[in-house]
There are 2 protein chains.
Amino acid sequence: MSEKEQRGLSNECLPSAAEHRAPHRRQPHPYVAVDVVVFALGADGLKALLVKIAQGPLSGAWAFPGGFVGLDESPDAAAAREVHDHTGIRNVHLEQLYTFGGPDRDPRSRVVSVAYIALARGGERAPHHSTKYGEATWFAVRRLPPLAYDHGRIARMALARLRAKLAYTNIVCNLLPPTFTLTELQHTYQAVLARRLDRRNFRRKLLALGLLTRRPGARRGNHRPAALYAFRRRSPIVISIL
Amino acid sequence: MSEKEQRGLSNECLPSAAEHRAPHRRQPHPYVAVDVVVFALGADGLKALLVKIAQGPLSGAWAFPGGFVGLDESPDAAAAREVHDHTGIRNVHLEQLYTFGGPDRDPRSRVVSVAYIALARGGERAPHHSTKYGEATWFAVRRLPPLAYDHGRIARMALARLRAKLAYTNIVCNLLPPTFTLTELQHTYQAVLARRLDRRNFRRKLLALGLLTRRPGARRGNHRPAALYAFRRRSPIVISIL
DNA sequence: CCAAAAGTGTTGGTCTTACACCCATGC
DNA sequence: GCATGGGTGTAAGACCAACACTTTTGG
């Protein structure tokens with residue numbers, strides 16, 4: 001994810017180089033921010049983390065965690081920092097969602113915001129509450145409150161992207177613990193997709209893909225123990241899963 | 001860390017809390033630019049527009065057209081402006097590709113760049129040459145020269161995205177004139193995908209989808225006239241095509 | 001022995017792929 | 001009449017969706 005893009009030295013040689021070479025130097029220009037949609041599995045379905053805006057005219061409204069991109073950090077790093085600050089989680093899976101930059105997103109100042117999706121492994125955790133960060137809470141994605149700014153749009157796009165990628169990547173491994181049962185895997189799919197899948201077809205398909213490997217031991221509960229599996233590879237793979 | 005300071009005081013948590021703090025804080029922050037990969041159909045396959053960097057250490061190198069995003073325009077508008085300035089084309093199909101923003105892309109000024117894909121209808125046109133913009137040329141995507149900055153990466157990502165979207169959207173309509181023959185449509189797919197498709201299967205599949213409508217008349221050449229078709233809708237549709 | 005979840009196969013329909021021949025036209 | 005691209009059908013295999021019963025365990 002880290003975009004170490006070497007634009008090179010004087011980037012003002014961008015394609016349209018000449019145009020902005022000197023002229024735009026030192027002129028007011030948009031701020032750059034990130035907004036992060038952090039998804040996690042809760043007991044009752046897929047959750048997303050929201051924070052309550054503490055100041056300004058929109059105080060009290062809910063929004064996704066986010067903040068400015070510093071001069072010396074990439075948007076990816078800024079997104080990772082935001083996730084860590086709000087959840088304490090490091091090494092979440094992060095991927096860029098879309099960049100929103102309309103001049104009227106926020107009437108008070110021009111902000112171009114790079115939205116990210118983050119997937120937190122192993123279910124929701126207690127978010128960090130503090131005066132610094134204000135109230136933060138996990139909401140069921142099906143019952144999000146009204147969101148500030150254009151975050152409603154971000155929410156819809158994030159969920160659509162996540163659902164789409166479930167079908168053709170191994171992205172789901174970022175929502176699961178290292179080992180899991182096939183039923184847990186299926187429940188994860190069902191929680192994200194918000195629809196039921198046929199157990200027999202699901203198991204056959206997933207096993208046939210060869211992405212999983214059997215792990216020793218079993219999950220024991222009140223009933224018949226379930227075999228444990230893990231993803232053979234956690235690096236992103238593009239394959240037709242569903 | 002300077003990271004924290006950059007982001008402002010208390011609650012950078014608010015994704016946009018930061019935003020309304022922005023006006024009060026005047027500190028250096030990254031520039032925002034766009035880079036546009038303009039695709040068009042040429043007689044011998046898919047083309048992309050490149051401009052030659054005229055100034056700076058990389059002068060002489062090729063890159064995609066791009067430029068800074070002004071305070072009062074959206075990245076989308078900036079991308080459209082770039083395309084128009086270099087090609088004279090308005091109303092191209094534009095879609096966001098990815099945002100690149102590593103801090104070390106430019107030692108002198110930090111630039112976060114939003115990359116776009118643009119599709120020019122009706123084949124390549126003579127690009128605008130001028131002292132302001134320098135030399136601009138259409139290159140076959142299979143034989144792009146070495147590119148400045150990380151534009152090689154942008155090129156690979158743009159082509160991969162375009163190919164992927166051919167299979168599940170009606171995006172191809174943005175590369176074609178209003179009416180076209182099925183053979184022209186197939187050639188467009190083949191040019192982008194760089195592989196051959198079976199004519200009978202292709203025609204059956206496309207017609208079965210119901211996205212096309214027959215147009216009166218026929219394309220006459222040296223041989224049997226070909227029926228003309230048009231897309232029923234040009235608004236983006238998500239459907240499995242291939 | 002009962003409840004609850006784990007585990008397993010088959011079948012019918014649909015979709016995909018591969019492939020060969022006739023048609024309409026301009027020259 | 002012939003060269004060229006336009007237009008059509010079919011058959012075999014792969015894939016997908018629907019569906020019910022047996023197994024294992026804890027209590």
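The sequence lines fix the lettering, A, B, ..., with proteins before strands; numbering per chain opens at 1. Treat the numbers as computed from the prediction; the structure is a model and nothing was measured.
- F202(A) places its CZ atom 16 Å from the C1' atom of dT8(C), with the value rounded to the nearest Å.
- Spacing between atom CD of Q186(A) and atom P of dA5(C) amounts to 13 Å, rounded to whole angstrom units.
- dG7(C) atom P lies 15 Å from atom CG of D198(A), rounded to whole Å.
- Heavy-atom nearest nucleotides on DNA chain D were determined for H223(B) and for Y229(B), and the one closer to the 5' end corresponds to H223(B).
- Comparing A226(A) and R204(A) along DNA chain C, the residue whose closest nucleotide (by nearest heavy atom) sits nearer the 5' end is A226(A).
- Within a 6.0 Å radius of CG in D44(A), more than 12 heavy atoms belonging to other residues, nucleotides or ligands are found.
- Checked by atom type and distance alone, the side chain of Q190(B) pairs as donor or acceptor with a backbone atom of L197(B) at under 3.5 Å.
- Contact footprint of chain B on DNA chain D: nucleotides with an atom under 4.0 Å from a non-hydrogen protein atom, first to last in 5' to 3' order, dT4(D) to dT10(D).
- Residue D198(A) qualifies as enclosed at atom CG: its count of foreign heavy atoms under 6.0 Å is above 12.
- Side-chain nitrogen and oxygen atoms of N222(B) include at least one within less than 4.0 Å of the OP1 or OP2 phosphate oxygen of dC27(C).
- Remark: P of dA20(C) and CZ of R200(B) are 7 Å apart, rounded to the nearest angstrom.
- The base of dG7(C) sits with one of its N or O atoms less than 3.5 Å from a complementary donor or acceptor on the side chain of R199(A).
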For residues 232-242 of chain B, which side-chain donor-acceptor pairs fall under 3.5 Å, sequence neighbours excluded?
unit_1  : atom_1 : unit_2  : atom_2 : d
R232(B) : NE     : G210(B) : O      : 3.0
R232(B) : NH2    : L212(B) : O      : 3.2
R233(B) : NE     : S235(B) : OG     : 3.4
R233(B) : NH2    : S235(B) : OG     : 3.0

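- Only one option out of T179(B), L206(B), T213(B), L207(B) pairs with Y229(B) in a side-chain contact (heavy atoms from CB on, under 4.5 Å); it is L207(B).
- Not a single donor-acceptor contact under 3.5 angstrom links the side-chain atoms of R219(A) to the base of dA5(C).
- The nearest whole Å value for the distance from the CZ atom in R220(B) to the P atom in dC27(C) is 10 Å.
- At whole-Å resolution of the value, NZ in K205(B) and P in dT14(C) are 15 Å apart.
- Within the 4.0 Å cut-off from OP1 or OP2 of dA6(C), at least one side-chain nitrogen or oxygen of T183(A) is found.
- When the salt bridge (Lys or Arg N to Asp or Glu O under 4.0 Å) test is applied to R156(B), no partner is found at least two apart in sequence or on another chain.
- In this structure, N174(B) CG and L94(B) CG are separated by 10.0 Å, a value rounded to the nearest 0.5 Å.
- One can place CG of L182(A) at 13 Å from C1' of dA5(C), the figure rounded to the nearest angstrom.
- Atom pair L228(A):CG and dG7(C):C1' shows a separation of 15 Å (rounding to whole Å applied).
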